[in-house]
> 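Mind having a look at this structure? Questions to follow.
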8 protein chains.
Amino acid sequence: RHTIFDWSRKARTGIPEAVFAESKSDAQLRDIIQAHQERKVPLLVTRLSGDQIEALSDLPLNVDPLARTATLLKSAPPPQAPQIMVVTAGTSDLAVAREAANSAEFMGLRVRIIADVGVAGLWRLEKHLPDLARARLIVAVAGMEGALFPVVAGLVAAPVIAVPTSVGYGVAKDGSVALGSALGTCAPGVVCVNIDNGFGAAAAAAKILLAP
Amino acid sequence: RHTIFDWSRKARTGIPEAVFAESKSDAQLRDIIQAHQERKVPLLVTRLSGDQIEALSDLPLNVDPLARTATLLKSAPPPQAPQIMVVTAGTSDLAVAREAANSAEFMGLRVRIIADVGVAGLWRLEKHLPDLARARLIVAVAGMEGALFPVVAGLVAAPVIAVPTSVGYGVAKDGSVALGSALGTCAPGVVCVNIDNGFGAAAAAAKILLAP
Amino acid sequence: RHTIFDWSRKARTGIPEAVFAESKSDAQLRDIIQAHQERKVPLLVTRLSGDQIEALSDLPLNVDPLARTATLLKSAPPPQAPQIMVVTAGTSDLAVAREAANSAEFMGLRVRIIADVGVAGLWRLEKHLPDLARARLIVAVAGMEGALFPVVAGLVAAPVIAVPTSVGYGVAKDGSVALGSALGTCAPGVVCVNIDNGFGAAAAAAKILLAP
Amino acid sequence: RHTIFDWSRKARTGIPEAVFAESKSDAQLRDIIQAHQERKVPLLVTRLSGDQIEALSDLPLNVDPLARTATLLKSAPPPQAPQIMVVTAGTSDLAVAREAANSAEFMGLRVRIIADVGVAGLWRLEKHLPDLARARLIVAVAGMEGALFPVVAGLVAAPVIAVPTSVGYGVAKDGSVALGSALGTCAPGVVCVNIDNGFGAAAAAAKILLAP
Amino acid sequence: RHTIFDWSRKARTGIPEAVFAESKSDAQLRDIIQAHQERKVPLLVTRLSGDQIEALSDLPLNVDPLARTATLLKSAPPPQAPQIMVVTAGTSDLAVAREAANSAEFMGLRVRIIADVGVAGLWRLEKHLPDLARARLIVAVAGMEGALFPVVAGLVAAPVIAVPTSVGYGVAKDGSVALGSALGTCAPGVVCVNIDNGFGAAAAAAKILLAP
Amino acid sequence: RHTIFDWSRKARTGIPEAVFAESKSDAQLRDIIQAHQERKVPLLVTRLSGDQIEALSDLPLNVDPLARTATLLKSAPPPQAPQIMVVTAGTSDLAVAREAANSAEFMGLRVRIIADVGVAGLWRLEKHLPDLARARLIVAVAGMEGALFPVVAGLVAAPVIAVPTSVGYGVAKDGSVALGSALGTCAPGVVCVNIDNGFGAAAAAAKILLAP
Amino acid sequence: RHTIFDWSRKARTGIPEAVFAESKSDAQLRDIIQAHQERKVPLLVTRLSGDQIEALSDLPLNVDPLARTATLLKSAPPPQAPQIMVVTAGTSDLAVAREAANSAEFMGLRVRIIADVGVAGLWRLEKHLPDLARARLIVAVAGMEGALFPVVAGLVAAPVIAVPTSVGYGVAKDGSVALGSALGTCAPGVVCVNIDNGFGAAAAAAKILLAP
Amino acid sequence: RHTIFDWSRKARTGIPEAVFAESKSDAQLRDIIQAHQERKVPLLVTRLSGDQIEALSDLPLNVDPLARTATLLKSAPPPQAPQIMVVTAGTSDLAVAREAANSAEFMGLRVRIIADVGVAGLWRLEKHLPDLARARLIVAVAGMEGALFPVVAGLVAAPVIAVPTSVGYGVAKDGSVALGSALGTCAPGVVCVNIDNGFGAAAAAAKILLAP
Ligand SMILES: Nc1ncnc2c1ncn2[C@@H]1O[C@H](COP(=O)(O)O)[C@@H](O)[C@H]1O
Ligand SMILES: Nc1ncnc2c1ncn2[C@@H]1O[C@H](COP(=O)(O)O)[C@@H](O)[C@H]1O
Ligand SMILES: Nc1ncnc2c1ncn2[C@@H]1O[C@H](COP(=O)(O)O)[C@@H](O)[C@H]1O
Ligand SMILES: Nc1ncnc2c1ncn2[C@@H]1O[C@H](COP(=O)(O)O)[C@@H](O)[C@H]1O
Ligand SMILES: [Mg+2]
Ligand SMILES: [Mg+2]
Ligand SMILES: [Mg+2]
Ligand SMILES: [Mg+2]
Ligand SMILES: [Mg+2]
Ligand SMILES: [Mg+2]
Ligand SMILES: [Mg+2]
Ligand SMILES: [Mg+2]
């Protein structure tokens, strides 16, 4: 057998097992999804390719092609669920922001996205400061030089989970400068996940805000 | 003037300004400390060298030489303050763990340290699982290969802030493998700060647990 | 001539020459395979592309497309041959695990594979501990942060050959974090081969267990 | 002979030859300084160590130990000379800022330094915006994550020469993250020199502002 | 909404907002271009792929496929506008040189390109020295080992903006050696932008030469 | 408490816990050694500095300053114990070879060292081929370009554990080229441990040769 | 104009200009080739893609698709020309070896290739030692761990020009380990060119052996 | 025994064994030198530290402290020996240039050094062009951005052996940019040795010019 289901993960850690599609065959994905269908257990799949989305199109999945996610049996977060803010530096960071948002909603959080407020035009961020100042948790998504992370953390009291993205070129290609910015900043209170890991930011947010 | 005090930082972000001693002269540090003494504002200094500690020994500072921290006018956290757990993989990670603990206490959290529970002898960690399962937030401190981060995150529901340390040699020198382990893990819910950044982990914990 | 056959390699080193297909033309591979057919010498080919597999489909090869291996004139390992255990952290590491398994069988070892027992759900590994405790040699296959290597080595007495895989993204892309984990661990008794080198792990296992 | 003086450099390129002290012997430095004394040609020496400063203390040099620079026969910039602004992110970046300032004054520019206006407390920078908006050229000096570079360039019309500094630790050690921030930013109009190269920023500023 | 237009950028910083096409969908690009058409605001788009150029071919854009740029409503620079020189080391650096030239013209500068004057045949550069000696600003574009940057800066008085290109292979692949050459040179007065960032060099030139 | 003793490690994994001295205080080391003295449990300490050796000189330790190891209560390996061969490329690799040898003897193996047989003078290795051909396991220790690893593995049937050393300079500084050689070789049957990790090679050898 | 021909290069440096095809358009290549045809000047083109070879197939070029080279008006080296030996570690290094061979013949040297004599089977190299001992210059071509370079240089008196190739995977991907081996070796007398740069090795050989 | 003397190396390869002092103890060096004294075999020692030079000061060695070399029983090169030119970019590269010169003289070549002719003042190099044009072989020594290598190779017919030095800071620290320049250049006929490896350049020159 290729997969051992960790059915107890949600009970143990608060976060249900999710499937990382990137290096799985269509048949393996189908097996996993059907096992969840049979048990009626909701499922989140991340990092689906266009080909995989097509190959699985007969299954009752809720697919977001930009975010490359799919969900099975997802229910809407309850209205009293805590809300997180997802802010992006540029238009190009929206795909990762949506992976974070979809994952967070799957885990029971409400989400609000504010896109394209990077520091090249700082007034765009300042316009949203009252909202950000009230946020309980901010997921900041940025590629290139990632200056958004320290700027946001220096302005508001909410914890900031930085998601560096692979948007950029030259020295900033593949997200390494944005990652360095998130880790190397002197603005206190920024924590960080892997490059493009919107799912991981959502899981941390859920652990933080949904603890019993 | 060499320094502009950010007196409003605590009001704005919840975290008071702290002083990074590493590249400051003795005179600059003395100026900064005395300005806080005069205003009666508590102060945290991090990453002090042995020489700096000696040069400032006439000042009324509370110094921890292993952690390389000093505090001025620090008050004990109130008994009802939230408590965090700081776990370390090895004896050698204690210095960074203490920077995290001292910083967290300065910011108003209570702290419990559990040292030397790395995965080479997994039973040591398992012995503490009931405690960890009750924790509201875990700061995990590890160098070398950093396997402690995913193992803890896979076992408990609390959010895990990983602090990679520069303990190690060869490929693991300077903490880069431990950092990669914290970021690259598939165990959801791990967030990460810079190598040896115990202070940053404490600041994030305070933002998470002390929000109004 | 493009190739000099090292017919004496097995006599000299215990390991027959194997062919690394990755940068060879179809004509070169065909030449090499036919030379072995004529001499009736068994042959292992590794890292075949889909195109190469198709181009050679008229030859009497035993092909495993997932593992990207092919064998010629392979005989089954004798029932009294030593057995190795191949464990993988995730479903995605199966391809490399199968390269290791096919190579080991070609060299005369028996193999048992246990898949998807990574540390995000540690109970899956613990369930197999009795088996692992009896193993004479364990090949551990893991990508991402590679925490499986120290965890296994800390639990059992068998030598552990770590095979980091290129499964992962962001900082863990191309297997460098998993490699660092295998090398930088403080859990004693882990040795390591190149990223994705299942063949190399099998060769070392054969040298260790089949010495006269 | 160890050195060939490039006496025509100022005529040719606008910038007089300066001496990089870092890998020169005391005797070599003395030779070079005395040759300039004899010809009555002004001279700038950069990156002097404490030992070198002491060994040359009998010579009529104007030394700045923090900046590690010395000048010979320097005249004050004329009052109508163009002025540049040098801004630093933190107190720790002052040494490099002073290398830039001393070099720029040696080349005939007037200089104003504004220290410690990093983005962790953005109001400090905003307080100086009217001055910055009038500047003809800004040299921005920052270590750690270097977020100051895009923030300044997004706010004002003056060209920004970024000088990343080696202030920082962990991933930000040796200035590589700050350098990446200067190069990888999407805020247009930032140009960059080598890490800690205050001299180079001054030379570029002189070429830009003092062209005939 | 995916994009917040920074209509005030030109007023604030002297440089109009430009669109980085690389990670935008066709629909997003179309939205942005049409918003500018409606407002009659000129627009520059950079790093367009061949597919994007085709998808937008019905729009009234002025496209340069080699440079991968497009402009909307661009007017010619006035005849009295300052002129910059763009020099390239090889034929292969022309694409990036044209991105710089098109961007500079869009921002109001006149441009002259001199191609293929790399140091392997130094006489080609020396032939153009009289022109270069009169230039107010030189944009030097080079890949491989980037020796053109220090050689030009050592010969003339104009400031040199270095644009390393990703032309090269082996150690010089992706432009890192050329970038190192631009930053690490001892020829004073070289400043640098990101690898392949012709747009950034143009923006800096405009800030330098078009200041009121 | 700073340390949790893993007294069951030998029973569990075959390898007794060893102490990594590099980042421990004198007091911590003394505590650990005395705890073992009291229980009469043999102990191995690795990577001791000269200062640590001096600070502990009153304790009944068996110290090897070149190897930077110390043992407590070590008994000689029994005469029928399996023997390993440790070969070094150069004189400079002897320190690491001795760490491997001392660790292996502590774990119950007999050891023979052959020094300075690197490939620059291949006849030196060939002279010892008959001995190597009879070896059950070879630990090969080499810095610089590490060509010894594939050459030995291509000549003999014994498994080869490669220990790259940090001997070298320029590109070979800190052992990364030797490590790459051990991992990247096509000579099958080489496995590898961390740079300078003689202890790890010995532990693996013991797991391989002393299994019940 | 896109190209300035360096017609004097051969007179000046002994090596005629060659064309690096990798980043040139078909039209540019055609222009360059036709300019040489008109002047009746022989020409070497390197690193042609399959598409470029096809696009230029109507021109009277002598094409080697494996080596990716083409020549125009090439004459055979005279019988008394010095001969070089090109040795390769594996079958997969033949493409680069042929680039070296074709370039050397174009420059007037005679060439003999010996393929697949890597150190995994050292006897294959030793069989050719008498020939190698008589060689005036050896071009050694190897990927993976590049152990061939020091082994050859330790055995014979001829100078060795190492050409690392990008053959390999994992840590040896893209040739960096082979390059490190060539540079970091302690076997004296090895010099090195860029990864895959057969052309450069040939040019150096021609400069060495054809000097007047 | 710690060392196996390779007495036949000169007969076999043309280059006598030399001793790399960097990681040897005083006693080991003394042993080696005395063995050569007894046999009356000339000896070259490289990379001696100041402490080692002092510890061996009673031995009849010819020491050059700047070059960090010592020779035993060295005879002057015969007057008809071929001469090489050693050129350096800066004053700071003299130490490495002298290691190359001393090694070359020890091996039987005559040497002329021309120092401080880097490209920041190109006329200094052009002044020596007639000499360089007559040279049979040029060793070029440069740190920082290493632009000297392609410039020299583009001007003269002699083969150029590039020796990158570790002179530089920031991105150019430790010589990696200079090394990249030597390898990545498009000026044909440059070959390269390791960073700071003056000895290796001399050995290659001797193999090239002293072949029988
Ligand atoms: N997957 C593999 N990884 C590493 N080495 C291999 C692999 N497959 C074969 N080899 C080895 O690579 C050597 C060189 O391959 P070849 O280019 O076929 O001569 C063979 O002799 C094998 O020992
Ligand atoms: N080729 C380019 N390189 C770097 N930055 C660019 C380039 N083209 C546009 N930009 C900048 O990138 C910013 C972010 O782009 P956007 O994602 O379109 O908001 C724009 O505001 C421009 O200032
Ligand atoms: N030289 C060494 N290299 C790698 N690991 C070591 C070395 N010496 C001891 N160890 C291991 O490192 C682990 C952690 O060390 P400690 O910090 O003493 O708890 C020990 O349990 C040993 O297994
Ligand atoms: N394969 C190659 N590798 C490195 N340099 C080359 C190669 N082929 C040609 N060259 C050199 O690259 C220079 C620049 O190429 P081009 O862009 O054609 O002007 C030519 O003058 C050649 O000296
Ligand atoms: Mg935008
Ligand atoms: Mg421990
Ligand atoms: Mg799984
Ligand atoms: Mg400050
Ligand atoms: Mg050209
Ligand atoms: Mg030796
Ligand atoms: Mg082969
Ligand atoms: Mg000089």
> Might you point out which heavy atoms bring G:H2 and E:A115 nearest each other, and give the distance in Å?
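Shortest heavy-atom contact: O-CB, 4.1 Å.
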> Taking E:R124 for its side chain and G:D6 for its backbone only, find out whether a donor-acceptor pair lies under 3.5 Å.
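Judged by distance alone, no pair lies under 3.5 Å.
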> What part of E:V171 is in contact with chain G, defined as an atom under 4.5 angstrom from a non-hydrogen atom: side chain, backbone, both or neither?
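Contact with chain G: backbone and side chain both.
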> Would you please name every residue forming a ring-ring contact (aromatic ring centres under 6.0 Å, His included) with G:H36, sequence neighbours left out?
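G:H36: ring-ring contact (aromatic ring centres under 6.0 Å, His included) contacts with G:F5, G:W7.
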> Between E:S92 and G:K24, is any pair of side-chain heavy atoms under 4.5 Å apart?
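A side-chain contact exists here, since the closest heavy-atom pair is under 4.5 Å.
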> G:I195 and E:Y169: which non-hydrogen atoms are nearest, and at how many Å?
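Heavy-atom minimum between the residues: O-CE1, 3.3 Å.
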> Which pairs count as side-chain hydrogen bond (donor to acceptor under 3.5 Å, both in side chains) when at least one residue sits in residues 171-185 of chain E, sequence neighbours excluded?
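Passing the test, one end in residues 171-185 of chain E: E:T185-H:E145.
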> If you compare all heavy atoms of G:S23 against all heavy atoms of E:V167, which two are closest, and at what distance to 0.1 Å?
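Heavy atoms only, the tightest pair is OG-CG1, 3.8 Å.
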> Heavy atoms only: give me the nearest G:T3-E:T91 pair and the separation to one decimal.
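Heavy atoms only, the tightest pair is OG1-OG1, 3.0 Å.
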> Does the side chain of G:R1 come within less than 4.5 Å of E:I113's, by heavy atoms?
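Not touching, per the 4.5 Å side-chain cut-off.
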> With only heavy atoms counted, which part of G:T13 is less than 4.5 Å from chain E, the side chain, the backbone, both or neither?
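No part of it gets close to chain E.
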